[in-house]
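Reading through the structure tokens given below for one structure.
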2 protein chains.
Amino acid sequence: MNLDSPDTPRAIAAAETPRRARGRPRKTADERDDGNRRQELINGAARLFRQQGFAATSTRDIAAAVGMRSGSPFYHFESKEALLGAVMLEGMQGALLRQHAALALLPPDASARERLRVLVRNHFDALLGPDSDFIPVMLYEWRSLEATQRSEVNRLKDRYEADWVPVLAALHAQGQLGSDPVLARLMIFGALNWSAQWYAPPSGRSAKSRARASLDDLTTSALQLFLKEPA
Amino acid sequence: MNLDSPDTPRAIAAAETPRRARGRPRKTADERDDGNRRQELINGAARLFRQQGFAATSTRDIAAAVGMRSGSPFYHFESKEALLGAVMLEGMQGALLRQHAALALLPPDASARERLRVLVRNHFDALLGPDSDFIPVMLYEWRSLEATQRSEVNRLKDRYEADWVPVLAALHAQGQLGSDPVLARLMIFGALNWSAQWYAPPSGRSAKSRARASLDDLTTSALQLFLKEPA
DNA sequence: CCTACCGATCGGTAGG
DNA sequence: CCTACCGATCGGTAGG
């Protein structure tokens, strides 16, 4: 009943309490401390799933991307679908965490417009920023996820979207949002999510700061498009 | 040099002048008149590609969907990718035709707002209306298309989008569009295209008229969201 | 358009 | 985590 027994549904159990390899028994001193091989698989899978799609990516591709042999990913994950679920779960957990952190930095009296700006900016970062493969995979490979994992990811997605509802409702009440909040949320998410299909980060070396500036510009333009003039 | 020679690049040639099986020589009287078997393959492939994705759909699935044996689709198409290209080409040709027809019905002095309404309404129809598998396949399976076909479809896509540019520019000049026209077009297309992921047509029998009404409602809401109050 | 088939690749496993 | 392997499925073809 420990992490080394080979046939327990390790992937699912670990997915529920991820990241912390609590109490994992080291066998020998020269064994590499590789709770992070699992993480490497998730990262590599996210990148390949985004570039090629889930069905077009073989588990051999993923293994090769992290320097493993073809069968080894199945030591860490029950199935290819479980790996997809881990990618999406990790993406949503990170995005939700960053969204909460960004909202917490706002002054308590921040306007709805300012709150929406923070939400949109954070969402662009999840879609287009560094390490932004996870959320696009979640958005565009949803149908490949199995039903059991789907509901798990959906719980996080619901919490993520729940933060938007009062902001949009307030903007609608102020007359700054021209459509009912439910439909507005769907359309705004669509407009933002679509950027994953056309946005190319500014080229050139050390483009990090310029890319960030660009995401700020995108945020400004999006707000100008969606909101009426402030009162 | 006719349609029966087995190894000519028939799919590509036919894709450029499709639909009309001009001068196809009938062999015998009891041979079924099946220029439309090719069309059936395109329709079936569009439906399956949309539901399951291109990579997750086998050519055997498609053959079975139209009552063929596994090898027979390759009598009509060089490859699975060529079939995908035909789906996208057909989708764009139809959408472009309907867009031109809808614009032609407008009075010459129609406002930019009215023009945008027609464009958005037609686009919703391509995404969500009857026989609306082609455009979503084009939008969401773009990366699976081969480079040669990609440019062919792109030519149609460019013409489709070109109709939007002056309308959005006029709205921007009137102060009704809060963002520059280029970015506005990308965001608006995103908002509309995303509806393919969440829109479920009204249920119940003979829901046709209700579904159409719903697309009208969607159009109205979209315009309210994107445009400032009319002068 | 069908029959019959091929080589390649795939997800996954046993056993260490 | 590797070695060695399996059955299934895939896109595609020859020949009629």
Side-chain angles (χ1 to χ4, degrees), chain A residues 2-11 14 21 24-28 30-41 44-45 48-49 52-86 144 146, chain B residues 2-11 14 21 24-28 30-41 44-45 48-49 52-86 144 146:
Chain A
N2 63 44
L3 286 174
D4 290 314
S5 70
D7 280 337
T8 49
R10 201 179 308 108
R24 189 187 187 215
R26 301 270 182 85
K27 292 267 204 40
T28 69
D30 63 278
E31 183 187 83
R32 290 180 15 230
D33 173 27
D34 280 359
N36 48 350
R37 299 306 314 252
R38 183 190 146 90
Q39 188 60 43
E40 290 175 37
L41 279 170
L48 291 170
F49 288 163
Q52 313 174 356
F54 173 75
T57 301
S58 71
T59 56
R60 282 166 166 81
D61 291 339
I62 300 166
V66 303
M68 285 180 185
R69 298 308 181 100
S70 66
S72 301
F74 298 97
Y75 170 77
H76 295 276
F77 295 93
E78 284 188 298
S79 66
K80 192 187 174 188
E81 281 78 15
L83 182 45
L84 177 65
S144 300
E146 283 176 350
Chain B
N2 63 44
L3 288 174
D4 291 314
S5 69
D7 280 338
T8 48
R10 199 180 310 108
R24 189 188 187 212
R26 300 271 182 87
K27 292 267 204 39
T28 69
D30 63 278
E31 184 187 83
R32 291 182 11 231
D33 173 26
D34 279 359
N36 47 350
R37 299 305 317 251
R38 182 191 147 90
Q39 188 60 43
E40 290 174 37
L41 279 171
L48 291 171
F49 287 162
Q52 312 173 357
F54 173 75
T57 301
S58 71
T59 55
R60 282 166 168 80
D61 290 340
I62 299 166
V66 301
M68 284 181 185
R69 298 308 180 103
S70 65
S72 301
F74 297 97
Y75 171 76
H76 296 276
F77 295 93
E78 285 187 298
S79 66
K80 192 187 174 187
E81 282 77 14
L83 182 45
L84 177 65
S144 300
E146 282 176 350

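Throughout, protein chains are lettered first and strands after them, A, B, ... in sequence-line order, and every chain is numbered starting at 1.
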- Query: Once you round to the nearest 0.5 Å, how far does CZ of Phe54(A) lie from CG of Leu83(A)?
  - Reply: 8.0 Å
- Figure out the CG/C1' separation between Leu83(B) and dC10(D), and round it to whole Å. 15 Å
- Using the test side chain to side chain donor-acceptor pair (under 3.5 Å), find all partners of Glu146(A) that sit at least two apart in sequence or belong to another chain. none
- Message: Looking only at the side chain of Ser72(A) (C-beta and beyond, no hydrogens), which of the listed nucleotides dG11(C), dC2(D), dA4(D) gets closest?
- Response: dC2(D)
- For the side chain of Glu81(B), starting at C-beta, report the closest nucleotide among dC1(D), dC1(C), dG12(D). dG12(D)
- Message: Ignoring hydrogens, what is the shortest heavy-atom contact between Arg38(A) and Ala86(A)? Give both atom names and the distance.
- Response: NH2-CB, 4.3 Å
- Message: Please give the stem ranges for DNA chain D, sorted by first residue number, where a stem is three or more consecutive Watson-Crick or G-U pairs and both donor-acceptor distances are under 3.5 Å.
- Response: C:1-16 with D:1-16
- Message: Closer than 3.5 angstrom, by distance alone: can the side chain of Arg37(A) be matched with the main-chain N or O of Val66(A) as a donor-acceptor pair?
- Response: yes
- Query: Which value, rounded to the nearest 0.5 Å, describes the distance between Ser144(B) atom OG and Gln52(A) atom CD?
  - Reply: 10.0 Å
- Query: To the nearest angstrom, how far is Lys80(B) atom NZ from dC10(D) atom C1'?
  - Reply: 8 Å
- Query: Atom OH of Tyr75(B) and atom C1' of dC1(C): how far apart are they, to the nearest Å?
  - Reply: 7 Å
- Euclidean distance, atom CG of residue Asn36(B) to atom C1' of dC1(C) [Å, nearest integer]: 14 Å
- Message: In this structure, how many angstroms lie between the C1' atom of dG11(D) and the CG atom of Leu84(B), rounded?
- Response: 15 Å
- Message: Please list, in numerical order, the residues of residues 56-69 of chain B that have a heavy atom closer than 4.0 Å to any atom of DNA chain D.
- Response: Thr57(B), Ser58(B), Thr59(B), Arg60(B)
- Kindly give the heavy-atom pair with the smallest separation between Pro73(B) and Ala63(B), and that separation in Å. CG-CB, 3.6 Å
- Return the value, rounded to whole Å, for the distance between atom CZ of Phe74(B) and atom P of dT13(D). 8 Å
- Heavy-atom side-chain contact between Met68(B) and Glu40(B) under 4.5 Å: no
- Item | Closest heavy-atom pair and its distance - Thr57(A), Ile62(A) | CG2-CG1, 3.8 Å
- Between CZ on residue Phe77(B) and CG on residue Leu41(B), distance to nearest 0.5 Å: 6.0 Å
- Message: Expressed as a whole number of angstroms, how long is the span from Leu41(B):CG to dG11(D):P?
- Response: 14 Å
